[in-house]
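This report refers to the structure that appears directly beneath it.
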2 protein chains.
Amino acid sequence: MEARIEKIKQQLQSQDYKLTPQREATVRVLLENEEDHLSAEDVFMLVKEIAPEIGLATVYRTLELLSELHVVEKLNFGDGVARYDLRTDSSKHHHHHLICVQCGSMEEIMEDWLIPLEERLEQEYGFHVIDHRLDFQGICRRCRESRESDE
Amino acid sequence: MEARIEKIKQQLQSQDYKLTPQREATVRVLLENEEDHLSAEDVFMLVKEIAPEIGLATVYRTLELLSELHVVEKLNFGDGVARYDLRTDSSKHHHHHLICVQCGSMEEIMEDWLIPLEERLEQEYGFHVIDHRLDFQGICRRCRESRESDE
DNA sequence: GTGTGTGCAAAACGTTTGCACTGGA
DNA sequence: TCCAGTGCAAACGTTTTGCACACAC
């Protein structure tokens with residue numbers, strides 16, 4: 001935990017940004033909730049517990065900054081709020097999401113299934129892939145087991 | 001064109017909705033700009049040229065309605081606005097997007113590369129896929145040919 | 001002191017809603 | 001006379017911005 005904060009501190013400093021107490025509190029919240037996809041509001045409420053004097057704008061500014069530095073990834077699941085994920089150190093953070101349209105749950109698949117596709121894109125389309133997003137909308141196992149369909 | 005409007009009219013009527021002049025104007029704009037991914041505001045401005053008295057709320061309501069009827073698909077590319085695409089009659093409209101982070105252009109790939117993955121999801125994860133979204137961010141061919149990299 | 005970073009409040013943004021009105025069955 | 005559909009304006013929730021202040025170097 002401390003080591004990871006230290007690392008992020010260095011990432012900031014390498015671009016002449018400081019790890020202020022507010023930024024550190026924000027990062028800690030992200031670290032403590034790595035499993036979730038927190039919205040800015042979520043982060044704000046959690047940060048308030050650690051550092052009650054922080055302002056919402058600061059949280060937004062911090063998340064934006066961390067996003068630019070590729071410390072977090074800004075996600076958009078089409079529900080009207082941006083969500084923020086810490087980028088895992090390892091690999092290129094290419095995972096996929098299963099979004100249940102019934103219960104709203106979200107599951108992650110950590111495998112990257114798209115590498116062959118990306119190679120095809122480079123060759124057939126001349127498109128150099130930096131990142132991708134693959135989300136599936138559907139019905140999760142739990143919901144399937146307790147309903148008859150309507151879509 | 002007229003045939004396609006007629007078809008949409010029937011889709012509406014089958015659910016007891018009417019193809020009002022405003023709705024028709026909206027549909028015409030969508031048909032005439034099938035290649036683009038128009039935002040509600042885009043649609044509004046284009047509809048105004050045909051039917052200047054229309055209100056933005058009506059456009060939103062129409063797009064929402066068409067979306068519910070699966071006449072259009074509501075897309076989200078994470079740029080803060082919803083975009084709307086006519087669903088092509090054929091197939092399940094499973095295509096993918098190449099979004100250039102340099103020039104903002106967007107190209108569509110009409111092939112569906114994910115069918116094998118969806119089968120895996122059903123079997124390994126018990127997740128029933130209704131729809132998916134696959135977007136690649138990167139540098140398009142045109143931009144690549146006229147720059148040195150920085151990302 | 002000069003700077004970056006901050007809190008607050010106000011603004012901006014896309015979108016939705018309330019409401020009175022209209023126009024066709 | 002209904003009642004779905006509409007235009008307008010106001011409300012909404014998220015995000016951004018302006019500005020004066022704080023605090024580190």
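Below, chains carry the letters A, B, ... as their sequence lines are ordered, and counting in each starts from 1. Atoms considered below: every heavy atom in the structure, side chains included; atoms not considered: hydrogens, waters and symmetry mates.
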So, does [X] use its side chain to make a donor-acceptor pair with the main chain of [Y] at under 3.5 Å?
X       : Y       : answer
A:Thr26 : A:Gln22 : yes
A:Arg23 : A:Lys18 : yes
A:Thr62 : A:Thr58 : yes

Write down the distance between [atom1] ([X]) and [atom2] ([N]), rounded to a whole number of angstrom.
X       : N      : atom1 : atom2 : result
A:Gln15 : C:dT4  : CD    : P     : 15 Å
B:Leu65 : D:dA4  : CG    : C1'   : 11 Å
A:Glu53 : C:dG7  : CD    : P     : 6 Å
A:Leu12 : C:dG5  : CG    : C1'   : 12 Å
B:Gln13 : D:dG5  : CD    : C1'   : 15 Å
A:Lys9  : C:dG5  : NZ    : C1'   : 16 Å
B:Leu38 : C:dG14 : CG    : P     : 15 Å

Next item on the list: Kindly check if the number of other-residue, nucleotide or ligand heavy atoms within 6.0 Å of NZ (A:Lys48) is above 12?
Entry: yes
N/O-N/O pairs, protein side and nucleotides 10-12 of chain D side, under 3.5 Å:
none

Checklist line | Contacting residues from residues 22-29 of chain A, given that a heavy atom lies under 4.0 angstrom of DNA chain C | finding: A:Gln22, A:Arg23
Next item on the list: Decide side chain to side chain contact (heavy atoms under 4.5 Å, CB included) for B:Leu46 and B:Phe44; before the verdict, give the C-alpha distance in whole Å, the side-chain angles of both, and the deciding distance to 0.1 Å.
Entry: CA-CA 5 Å; B:Leu46 292 166; B:Phe44 176 58; over 6 Å; no
Margin query: With each end axis built from five pairs of C1' atoms, what bend angle do you get for the helix from C:dT4-D:dA22 to C:dA25-D:dT1? Round to 10°.
Written below: 10°
Under 4.0 Å between a side-chain nitrogen and a carboxylate oxygen: does that hold for [X] and [Y]?
X       : Y       : result
A:Glu32 : A:Arg28 : no
B:Arg83 : B:Glu41 : no
B:Arg4  : B:Glu34 : yes

Notebook entry, point to check: Do A:Glu2 and A:Lys9 pass the salt bridge (Lys or Arg N to Asp or Glu O under 4.0 Å) test, and can you show the C-alpha distance, the side-chain angles, and the key distance before you say yes or no?
Noted result: CA-CA 10 Å; A:Glu2 299 307 319; A:Lys9 182 176 179 181; over 6 Å; no
Notebook entry, point to check: Which residues pass the salt bridge (charged side-chain N to carboxylate O under 4.0 Å, His left out) test with B:Lys74, sequence neighbours left out?
Noted result: B:Glu64
Next item on the list: Look at A:Thr58 and C:dG5 and indicate whether a side-chain polar atom (N or O) is within less than 4.0 Å of OP1 or OP2.
Entry: no
Margin query: With clusters defined by side-chain heavy atoms of hydrophobic residues (ILVMFWY) lying less than 4.5 Å apart, directly or transitively, does A:Ile5 cluster with A:Leu12?
Written below: yes
Next item on the list: Check whether any side-chain heavy atom of B:His97 lies under 4.5 Å from a side-chain heavy atom of B:His37, and answer yes or no.
Entry: yes
Next item on the list: Name all residues meeting the side chain to side chain contact (heavy atoms under 4.5 Å, CB included) criterion together with A:Glu119; count only those two or more places apart in sequence or in a different chain, and write none if there are none.
Entry: A:Ile115
Next item on the list: Report, as a single string ordered 5' to 3', how protein heavy atoms within less than 4.0 Å touch nucleotides 15-25 of chain D: B base, S sugar-phosphate only, - not at all.
Entry: BBBB-------
